[in-house]
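Comments concern the structure below.
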Amino acid sequence: MRFYSALLHLYPASFRGAYGPEMRGILARRRREASSPLAVAGLWVETLFDVPCHAAAAHWDLLRQDLRYTARSLRRAPAFAATTLVVVALGIGANTAAFSVTDFVLVRPLPFLDPARLVKLWENRPGYPRMEPSPANYRDWKRMTSCFEGMGALYDISVNLVGQGDPVRLEGAAVTADLLPVLGARPLLGRLFTAADDRAGTGGTLLLGYRLWQEEFGGDRTVLGRRVTLDGKPFVVIGIMPPDFHFPSRRALLWTPARFRDQDFLDRDDNWLEVVARLKRGVSLATARAEMGVVAARLERQYPREDAHTGATVITLRDELSEQSRLLLAALFGASLCVLLIACANLASLQLARALERRRELDVRTALGAGRERLVRQLVTESLALAILGGALGVLIAVAAVPLLARLVPAALPIAQAPAIDLRVLAFAGLLTAVTGIAFGLLPALRACRGGDLGGLREGSRAGGGRKERLRAALVVVEVAAAAVLLVSAGLLMRALWRLEATDPGFRAPGLLTLRTALPTPKYESTAQRAAFYGRVLAGVRALPGVSGAAYISFLPLTLRGGVWPVALDGQPVAREAAQAASLRFVTPGYFAAMGIPLRGGRDVSDADTADRPFVAVVSQSFVRRYWPDRDPLGHHFQFAFRDRTVAGVVADVRVRGIERSSEPQVYLPYRQVPDGGLPGYAPKDLVVRSPLGAAALLPPIRAVVRRADPEQPISDVRTMAEIVEEQTAPRSRQARLLGAFAAIAFLLAGVGIHGLLSFAVAQRAREIGVRRALGARSGDILAMVLRRALLTAAAGVIPGLALAYAAARAMAALLAGVQPGDAPTFAAAGLLCLLMTVSGSVVPALRAVRLDPLQVMRTE
Amino acid sequence: MARREIDQMHDDDHDPTEVSPDSLLPLRPAVFHILVALSDADRHGYAIIQDVAARSAGKVRLSAGTLYRSIQHMLEQGLIAETRERPAPELDDERRRYYRITPFGAAVARAEARRLAQLLEMARASGLAPAWGRRS
C-alpha cells in the first residue's frame with residue numbers, strides 16, 4: 001500500500017488530495033477480493049499502467065486549464081505582458097548570442113579528430129616563448145621524441161593563381177605529408193599528400209579548400225588531376241578538402257607539400273615553421289612538456305651556439321588563442337549574464353507587484369477551494385509561458401545578432417567565421433528560458449500564496465506585508481549592484497579603447513592607400529627584375545593626378561609581427577635575445593615621406609644604394625637609443641641580416657608589431673642591397689600611396705599601371721592605412737560598444753526597478769503618508785522621506801557593486817591597455833550615473849507621495 | 001465580489017443551465033457507464049466500479065484512474081454532484097465520497113442513449129444489426 005501511496009504522487013497534488021484516499025481504499029478492496037496470487041499480480045500490473053497514464057493526463061488537463069487562464073489574464077494586462085516579453089527577450093537574446101560566440105571560440109572542441117590530443121610546438125627563446133622552430137630542430141624533435149603519435153610542420157604561403165579568370169592572390173599553407181593525417185583530416189574528394197609529394201624534384205601537387213574550389217573552379221569535380229599555375233609553376237590538383245576544414249586559420253584556401261632543401265637544415269637560427277603534433281593516447285601534456293624539455297636540452301648541448309637558451313613550448317591547439325581574445329569573450333559572456341540577472345530581478349519584482357495586485361483574486365480562488373499548490377502552479381505556468389514566448393523572441397534576436405558578433409571570432413583560429421545557432425545553442429537558450437521562468441515566477445508565486453488568510457477580501461487591508469517590500473528592495477539592490485558592475489566595466493573598456501585610439505602609430509594614416517603586389521619567384525628572383533617592376537609601377541603611380549608619394553616596403557607596419565633579426569655590434573657574437581633584436585624591412589626610396597614618418601637625421605635610402613655600393617641602413621630612434629645613446633649614430637656599423645651595415649639615416653619609431661604591443665627597434669634596408677634570391681620573404685610587396693583621393697578614384701588607374709608593368713601580376717589586400725590601424729582596435733571597439741549596450745540596458749532596467757519599488761512603497765504607505773501630512777509634515781519632509789529611501793536602496797547596491805566591479809576589472813586587467821582597474825574617473829562616473837538613475841527613478845513616485853491628499857486617503861481607508 | 005468575476009475565473013466549470021446536453025455528446029464510454037450506474041442510486045467510487053462490472057457482465061472494469069479522472073471532469077461539467085447524505089454509520093466508511101447524478105447529468109445521459117439508439121437504428125436499416133425479436 002505504501003508503494004501505491006508513493007505512486008499516487010505522480011498525480012497533481014490537488015487530484016491526489018481529492019481522490020487519493022478513495023483510490024487507496026479501492027485498491028485495498030480489490031486486493032482482498034483477488035482470488036489468487038496470479039490475480040494479485042495482474043492487479044499490480046494494471047495499476048502500474050493505470051497510474052502513470054492517468055497522472056500524465058491529469059497534469060495535461062491542468063496545464064491546458066492554466067494556459068487558458070494565463071492567456072486570459074495576460075490579455076487583461078497587456079502592458080505587463082509586453083514589458084515582460086521584451087525584458088525576457090533582451091536577456092535571453094543577449095545571452096544566447098554571447099553564448100554562441102563564447103562556446104564556439106572557447107569551449108567547443110576544435111573541428112578535428114580527437115582535438116584534445118593536438119598540440120602546437122614552439123621554440124622557447126629568451127623574450128620569445130613562442131618562436132617558430134627551425135627545420136633542423138623540427139626534424140630532430142620528430143626523431144628524438146616518443147610521446148607523440150605523429151608530428152607535422154607547415155608554413156604560410158601566398159601565391160598568385162593565373163589562368164582562372166583574373167590573376168588572384170591566394171593564402172595557403174605548405175604542409176608536410178604527415179600534417180593532415182595528424183589533424184585527422186580527410187579529403188572531400190581525391191587524396192591527401194603522401195611522402196612522395198614531399199620529395200623535391202617531383203611535380204607539384206595541390207589540395208584545394210572547399211571555398212576556393214567553389215569560387216574559382218565552380219565546384220567542378222573534374223578539377224581533380226587538372227594542372228593549375230601558381231606563381232608561374234605547374235601544380236596538379238589531387239584533392240578537395242571539406243567545407244569545415246580550416247587550417248592553420250580560415251584564411252588558408254589551399255595546401256601544397258612543404259619541401260625542404262638540404263640548406264634549409266643548415267641554420268638552426270632560421271625560424272619559420274609551425275609544428276603540430278598529436279599526443280599518444282594516455283600521454284599527458286605534462287609528460288610531453290617534460291620530454292620536449294629533455295630533447296631541447298640535449299639539442300642545446302649538441303649545438304651550444306645556435307640552440308643556446310632554446311627550450312620548447314608545448315601548448316594545446318585550443319590554447320593558441322591569445323589570453324586577450326579569451327578574456328574579451330569571457331567578459332562579454334559575464335556581462336550578458338549580468339544583464340540576465342538584472343532582467344530576472346526586474347521581472348521577479350514586477351511579478352511580486354502583480355501578485356499583490358491580484359491578491360484579492362487569489363484569495364477568492366483560495367476561498368473557492370483552490371489549494372496553495374494549485375495557485376503556485378498557476379502562477380508558475382504563467383511566468384513559464386511568458387518566459388518561453390520571450391525565449392523564442394530572444395532566439396530570434398540572437399540569430400540576428402550573431403553575424404554582428406562574428407568579428408569577435410579571432411581570425412587565427414582554425415574554425416569557421418561565424419558560429420551557427422545549432423541544437424547546442426538552442427539547448428542553452430531553452431535552459432536559460434526555464435531558469436528565467438522559474439527564477440522570476442516561483443519566488444513571487446510562493447510569496448503571494450503564502451498564508452492564505454483571506455486578508456485580501458477585507459476591503460482596505462494593507463495588501464502587502466513589509467516582508468514583501470523588503471524582498472523587492474533586495475531585488476532592486478541586486479539590480480543596482482549588477483548595473484554598477486556593468487557601468488564600470490564598460491567605462492574602463494571605453495577608456496582603454498580611447499587610449500589606444502589616441503596612440504600615435506608613428507606614421508600619418510589618413511590619406512594612405514595600400515595594396516599588395518607579391519612578386520612570384522622564380523620569375524622575379526633577380527633583384528634587378530624586381531627593381532625594374534618597382535620602378536615602372538612607382539613612376540606610373542607617382543605620375544597619377546593627386547598622388548603626392550608612393551613607395552614599396554616588405555611588410556606594412558601592424559600587419560606582420562615577425563621579421564625580427566638579431567643585431568651585433570663590432571664583431572661581438574650575435575646574441576639571440578629580445579634585447580638585441582630589430583625588425584627588418586626593405587624599402588624603396590620615398591617610403592618615409594609617403595608614410596609621414598619623420599626623418600630625424602642623415603638621409604633616406606636611395607636608388608644609388610646598390611649591391612656594389614657600401615651596405616647602408618636607416619634605423620629608428622629606439623635603435624639609436626639602444627646602441628649609441630650619447631653619440632651621433634651616422635656612419636656607425638652593425639651586423640644585421642648576414643651583412644655589415646652603416647647607418648645612413650635615422651627615422652622616428654613606428655609601432656610595427658601592433659598598437660598594443662611594444663615593438664623592437666626598426667632597421668630599413670635599401671631594396672637593391674640584397675643578392676638575387678636572398679631573403680625572398682622580405683622582397684618588397686606592399687605599396688603605399690599618399691593621396692587625398694579615395695580608394696575608389698585611385699584604384700582603377702593604379703590597376704592599369706600595374707597591368708602595364710606586368711599583366712599577370714595580381715593585386716590583393718587593397719586597404720587604406722586607416723583601416724589597418726582601425727582593425728587593431730576593432731574587436732575592442734566592438735566589445736566596448738556591446739558592453740556599453742549591455743550597461744545601458746542594465747541602467748534602464750535598474751532605473752525601472754527603483755521606480756517600481758518606490759511606486760509600490762508609496763502606494764503601500766499612502767495611509768502613513770496621509771497621517772504624516774495630517775500631522776503637519778511638509779512636502780519637503782515627504783520628498784526627503786521617499787528620496788532617502790531611494791538613496792539608501794541605491795547605496796546598498798552601488799557599494800558592493802563597485803567593489804565587485806573592481807574585482808572584475810582586476811580580472812580583465814589585460815584588456816585595459818594600461819588603464820588602472822581602480823581608475824578613479826570611471827568609478828566616479830559610474831557612481832554618478834547610479835545616483836542619476838536613482839534620482840530619476842524616484843522622481844515620479846516622490847511627486848506622487850507629495851501630492852497625496854490626506855483627506856482622500858483617510859476616506860478611502 | 002461580483003458573480004461575473006467569479007465566473008470568469010472558473011469558466012471551465014460549465015454552467016449547466018446554459019449548456020445544451022447535446023453539446024457534450026458523444027460521451028466517453030466510461031462517463032456514460034458512470035451516469036448509468038448513478039441513475040438509480042447514489043454511490044461511492046468502488047460501488048460504481050462494481051455496478052458497472054455487474055451491468056456489463058464483467059466486461060467493463062473501470063480502473064481507479066479512469067474512474068476518478070472521469071468523476072473530476074463530470075463534477076466540473078455538472079453531470080454529477082457530491083452528496084452529503086451518507087448511509088447508516090455501520091455501513092459507512094468516512095473516506096468514501098458519494099456521488100449523485102444531477103438533472104443535467106440525467107438529461108445528458110438520455111441524450112446519449114438517444115444518440116446510441118439512433119445509431120443502432122441506422123445499423124439495423126442497413127442490415128448490420130439484428131432487428132427486434134429476430135435474434136440470430
Side-chain angles (χ1 to χ4, degrees), chain A residues 4 7-8 10-12 14-16 18-30 32-33 42-43 45-62 64-66 68-69 72-73 75-76 358 360-370 375 378 456-457 459, chain B residues 1-15 28 30-31 34 37-38 42-54 58-78 80-83 86-87 91-99:
Chain A
Y4 187 64
L7 213 54
L8 286 181
L10 292 175
Y11 280 103
S14 53
F15 189 92
R16 193 170 62 243
Y19 306 110
E22 274 187 286
M23 291 172 86
R24 275 197 296 273
I26 288 176
L27 186 82
R29 282 189 69 164
R30 289 184 64 182
R32 276 199 301 279
E33 286 165 14
L43 178 64
V45 170
E46 185 196 315
T47 306
L48 280 178
F49 276 103
D50 186 58
V51 175
C53 290
H54 285 287
H59 280 290
W60 174 240
D61 287 343
L62 284 189
R64 279 196 329 200
Q65 200 179 328
D66 286 348
R68 273 201 301 274
Y69 188 74
R72 208 167 47 234
S73 70
R75 267 203 303 276
R76 265 188 266 153
R358 292 168 70 183
R360 281 186 357 149
E361 169 197 327
L362 294 176
D363 283 339
V364 169
R365 281 167 63 98
T366 310
L368 290 175
L375 291 184
Q378 159 64 45
L457 286 180
E459 289 294 330
Chain B
M1 166 110 353
R3 163 81 196 176
R4 195 173 54 85
E5 227 175 315
I6 296 175
D7 277 349
Q8 274 178 340
M9 281 172 209
H10 288 262
D11 80 342
D12 297 318
D13 311 356
H14 295 270
D15 185 341
R28 283 191 292 123
V31 171
I34 295 169
L38 293 178
D42 297 351
R43 294 178 203 274
H44 58 80
Y46 190 64
I48 295 174
I49 293 180
Q50 283 178 313
D51 186 75
V52 169
K59 281 187 187 143
V60 180
R61 288 193 64 90
L62 298 178
S63 73
T66 309
L67 176 73
Y68 285 108
R69 271 196 64 231
S70 303
I71 285 182
Q72 189 188 30
H73 280 289
M74 292 164 80
L75 284 170
E76 283 168 6
Q77 290 172 324
I80 57 173
E82 216 179 316
T83 164
R86 303 191 73 96
L91 298 174
D92 194 16
D93 176 340
E94 60 175 17
R95 283 179 304 185
R96 284 181 189 154
R97 295 161 73 170
Y98 287 81
Y99 303 98

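In what follows, chains carry the letters A, B, and so on, assigned in the order in which the sequence lines appear, proteins first and then strands, with residues in each chain numbered from 1.
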Side chain to side chain contact (heavy atoms under 4.5 Å, CB included) partners of A/Arg64, counting only residues at least two apart: A/Trp60, A/Asp61, A/Arg68
Side chain proximity check, B/Leu67 to B/Val52, heavy atoms < 4.5 angstrom: no
Region of B/Gln50 that comes under 4.5 Å of a non-hydrogen atom in chain A: side chain
Interface moiety of B/Ile48 toward chain A, non-hydrogen atoms closer than 4.5 Å: neither
Residue list, side-chain hydrogen bond (donor to acceptor under 3.5 Å, both in side chains) with B/Tyr68, at least two apart or on another chain: A/Glu22
Backbone N/O of B/Leu62 and side chain of B/Thr66: donor-acceptor pair under 3.5 Å: no
Part of A/Glu33 lying under 4.5 Å from any heavy atom of chain B: side chain
Option that, when pairs with chain B are counted at under 4.5 Å, heavy atom only, ranks first among A/Ala57, A/Gly25, A/Ser73: A/Ala57
Partner of B/Tyr99 under side-chain contact (heavy atoms from CB on, under 4.5 Å), chosen from B/Thr83, B/Ile80, B/Asp42: B/Ile80
Nearest-0.5 Å distance, CZ of residue B/Arg61 to CZ of residue A/Arg30: 4.5 Å
side-chain hydrogen bond (donor to acceptor under 3.5 Å, both in side chains) partners for A/Arg16, two or more places apart: none
Proximal to chain B - members of residues 45-55 of chain A, heavy-atom separation under 4.5 Å: A/Glu46, A/Asp50, A/His54
Distance, nearest 0.5 Å, that separates CZ of A/Phe15 from CE of A/Met23: 5.0 Å
